[in-house]
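Only heavy atoms go into these numbers, but all of them, side chains included; no hydrogens, no water, no symmetry mates.
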Amino acid sequence: MDKFIVKGPTPLKGNIPISGSKNAALPLLAAALLADEPVVLENVPRLQDIYTFNNVLRVVGAQVQFQDSENRVIIDPSNVNYLEAPYDLVRKMRASFYMLGALVGKHGYAKVSMPGGCAWGPRPVDLHLKGLEAMGISISLDKGYVIAKAGTSVPGGRYRLEPSSVGATINLLLAAVLRAESFTIENAAKEPDVVQLCKVLNSMGANISGVGSDTLTIKQVRTLSGGSFRNDPDRIEVGTFMIASAMLPGSSLRLIGCNAEHLGDFPNLLRQTGTKVDLDGEVISVQAPEILKPVSITTDIYPGFPTDLQAQWATMLTQAHGNSTVTDTVYFDRFSYVPELSRLGAQMKLAKNTVHIQGPNLLEGASVMSTDLRASVSLVLAGMAAKNTSEILRVYHLDRGYESLEDKLNAVGAKLSRAQE
Ligand code: UD1
């Protein structure tokens, strides 16, 4: 296993190119199965989760070519003949569960392993299954697998997601476009990843209305064509680097190739810390303040503060002058980074789904352990703020979600190296 060695403290100065979004690319890869022709996806990041999903597509018989030096994936779904996603692949990555909607949508049958637990607590899929049933698809469970069956058409109807769920909205869209006569999703997720999926499906010939709102209506079409589509930039990577620039004194970063419209309330919240944030087309410039002010946040669905940035924000708040809190209302247990940051000297206390931070903390290098994707990048942020050398174990979590992290950070002044544990 790999680990990172980080020497701090380091200010970051210069330009960082932003990669394509992992979470936005995964549903597009699944959507390619619905087409009758090859689908070409551009701006797909070279990340472990993408390689894993490509393998899931290959297992069912799709031809997948990842031209990774070009960040391009070409999927030919014409020979899909095995309608199962086995446990071995689904357990590696929950998003493999999108195969349920894609396979039953296109072929009328799917057998997909139930995803297991997750480092940040239980992550149910009940809404995915109830929504499919509401559409008229028959669902049964057999030895850890979900079996979905549908006739040539199912009636559809209406289904309200409570709470709003990105994954369930995606699975229901994938299932409905070719199968459901008319289906309405209420309280649908309107995260940019879902909006991009809807737009791509509509360009392929689907009939989805209400795109960008929380009510999506899907009317059945018989076929979808292929095409070439460009994946969105990674808004969580953008937010992570914005936080890095804000929390490391003397930093000034220009992030190239962003879509500021996908950041919701985030830039304004960062400005409240005293950080200078300038949004100029595809370029976002962020300059660290002299004194970072504490700004408490509560996660919410889009355009609220994303749960995927709360660990990084809490890490930044260890450098703010004053007390603050970070509350996660989307995932209550997503705080495994707290004891690790405490090892570096962070003054943090966890009470239910809120972490209380007493800043500013003088962080000092130590050995810490990555527990999940966003927790690991927070440890890198803390390591860059800490005095001396930190060692971050199990960075394979990071490799699932941040393309070329050490190259990008080292190019702007970080001192980060990879070694064997
Ligand atoms: C996706 C993202 C993840 C992000 C999350 C919230 C991907 C691959 N992952 O995860 O990075 O943190 O959105 O923005 O895109 N819920 C249920 N029943 C369900 C499904 C969800 O109760 O069947 C609940 C969850 O427990 C959670 C909330 O709904 O409290 C939102 O989860 P959801 O939006 O589904 O997250 P994911 O799609 O799994």
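- Judged purely by atom type and a 3.5 angstrom limit, Arg400 has no side-chain atom pairing as donor or acceptor with the backbone of Leu47.
- In this structure, Ser324 contributes its side chain and Leu317 its backbone to no donor-acceptor pair below 3.5 Å.
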Test side chain to side chain donor-acceptor pair (under 3.5 Å) on Gln196 and Asn231; report intermediate values, then the result. CA-CA 8 Å; Gln196 168 173 272; Asn231 181 36; 2.8 Å; yes

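- Panel note: side chain Ser378, backbone Arg374; a donor-acceptor pair is recorded below 3.5 Å.
- Taking the side chain as every heavy atom from C-beta outward, Arg254 and Ser285 approach each other to under 4.5 Å.
- Remark: the Ser19 side chain and the Lys408 side chain contain an N/O donor-acceptor pair separated by less than 3.5 Å.
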Take Leu33 and Met99 through the test side-chain contact (heavy atoms from CB on, under 4.5 Å) and record every step on the way to the result. CA-CA 9 Å; Leu33 291 184; Met99 294 300 277; 3.6 Å; yes

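- With 3.5 Å as the limit, one finds a donor-acceptor pair spanning the side chains of Thr299 and Asp328.
- The backbone N or O of Asp68 sits less than 3.5 Å from a side-chain atom of Arg46, completing a donor-acceptor pair.
- For Asn259 (side chain) and Arg235 (main-chain N/O), no donor-acceptor pair under 3.5 Å exists by modelled atom type.
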From CA spacing to verdict: salt bridge (Lys or Arg N to Asp or Glu O under 4.0 Å), Asp36, Lys106: CA-CA 10 Å; Asp36 286 341; Lys106 172 78 175 177; 2.4 Å; yes

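- Side-chain atoms of Ser164 come within 3.5 Å of backbone atoms of Asn187 as a donor-acceptor pair (strictly under, hydrogens ignored).
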Go through the steps for Arg418 and Asp399 under the test salt bridge (Lys or Arg N to Asp or Glu O under 4.0 Å), then give the verdict. CA-CA 12 Å; Arg418 193 181 277 261; Asp399 295 333; 2.9 Å; yes

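- Between Ile218 and Asn207, the closest side-chain pair of non-hydrogen atoms is not below 4.5 Å.
- In the model, Thr240 has a side-chain atom that pairs as donor or acceptor with a side-chain atom of Tyr402 under 3.5 Å.
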Can Tyr51 and Phe66 be said to form a ring pair (Phe, Tyr, Trp, His ring centres under 6.0 Å), step by step? CA-CA 8 Å; Tyr51 291 101; Phe66 192 5; 5.2 Å; yes

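- In the model, Ser21 has no side-chain atom that pairs as donor or acceptor with a side-chain atom of Asn23 under 3.5 Å.
- Rounding to the nearest 0.5 angstrom, the gap separating the CG atom in Asp278 from the CD atom in Gln287 is 9.5 Å.
- Of the possible donor and acceptor atoms, one in the side chain of Glu37 sits under 3.5 Å from a partner among the backbone N and O of Gly226.
- Under the 4.5 Å side-chain criterion, counting only non-hydrogen atoms from C-beta, Leu12 is not in contact with Ser245.
- Taking both residues in full, the closest heavy atoms of Pro249 and Ala288 are given as CA-CB, 4.3 Å, listed atom of the first, atom of the second, then distance.
- With ring centers used as reference points, Phe305 lies under 6.0 Å from Phe266.
- Judged by distance alone, the side chain of Ser370 and the main-chain N or O of His397 form no donor-acceptor pair under 3.5 Å.
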Apply side chain to side chain donor-acceptor pair (under 3.5 Å) to Thr354 and Thr327, showing your working. CA-CA 4 Å; Thr354 297; Thr327 302; 2.9 Å; yes

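- Because its NZ or CZ atom is not both nearer than 6.0 Å to the ring centre of Tyr302 and within 45° of the ring axis, Lys190 does not count as a cation-pi partner of that residue.
- In this structure, the side chains of Phe241 and Leu409 come closer than 4.5 Å at one or more pairs of heavy atoms.
- With Ser336 contributing its side chain and Thr371 its backbone, the two residues share no donor-acceptor pair below 3.5 Å.
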Ile208 vs Lys219, test: side-chain contact (heavy atoms from CB on, under 4.5 Å). Steps then yes/no. CA-CA 7 Å; Ile208 305 167; Lys219 301 252 191 245; over 6 Å; no

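- With no hydrogens or angles considered, a side-chain donor-acceptor pair links Asp2 and Gln420 at under 3.5 Å.
- For the pair Phe97/Val112, a side-chain contact is recorded, criterion being any heavy-atom separation below 4.5 Å from C-beta on.
- The pair Glu421-Lys3 does not count as a salt bridge, with every side-chain nitrogen at least 4.0 angstrom from each carboxylate oxygen.
- With respect to the salt-bridge test (charged N to carboxylate O, under 4.0 angstrom), the residues Arg394 and Asp372 do not qualify.
- In this structure, the separation between CG on Leu172 and NZ on Lys130 is 12.5 Å, given to the nearest 0.5 Å.
- Residue-environment remark: CD (Glu162) exceeds the threshold of 12 foreign heavy atoms within 6.0 Å.
- Although no hydrogens or angles enter the test, the distance criterion places a donor-acceptor pair under 3.5 Å between the side chain of Glu340 and the main chain of Met369.
- Atom-to-atom distance recorded for Ile137:CD1 and Ile147:CD1 is 14.0 Å, nearest 0.5 angstrom.
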Quick one: do Gln310 and Tyr337 satisfy side chain to side chain donor-acceptor pair (under 3.5 Å)? Show the steps, please. CA-CA 11 Å; Gln310 64 92 340; Tyr337 61 88; 2.7 Å; yes

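- With a 4.5 Å cut-off on side-chain heavy atoms, Arg72 and Leu41 do not count as touching.
- In this structure, the side chains of Leu100 and Leu132 come closer than 4.5 Å at one or more pairs of heavy atoms.
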Verdict with supporting geometry, Ile74 and Gln63, side-chain contact (heavy atoms from CB on, under 4.5 Å): CA-CA 8 Å; Ile74 304 168; Gln63 275 180 358; over 6 Å; no

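- Here CG of Leu269 is found 8.0 Å from CD1 of Ile297. Values are rounded to the nearest 0.5 Å.
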The test is salt bridge (Lys or Arg N to Asp or Glu O under 4.0 Å); show your working for Arg334 and Asp308 and say whether it passes. CA-CA 9 Å; Arg334 212 174 178 182; Asp308 284 349; 2.8 Å; yes

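- Looking only at side-chain heavy atoms (C-beta outward), Met242 and Ile284 come within less than 4.5 Å of each other.
- Separation of atoms CD (Gln65) and CD (Glu70) is listed at 11.5 Å; rounding is to 0.5 Å.
- In this structure, Thr273 OG1 and Leu292 CG are separated by 5.0 Å, a value rounded to the nearest 0.5 Å.
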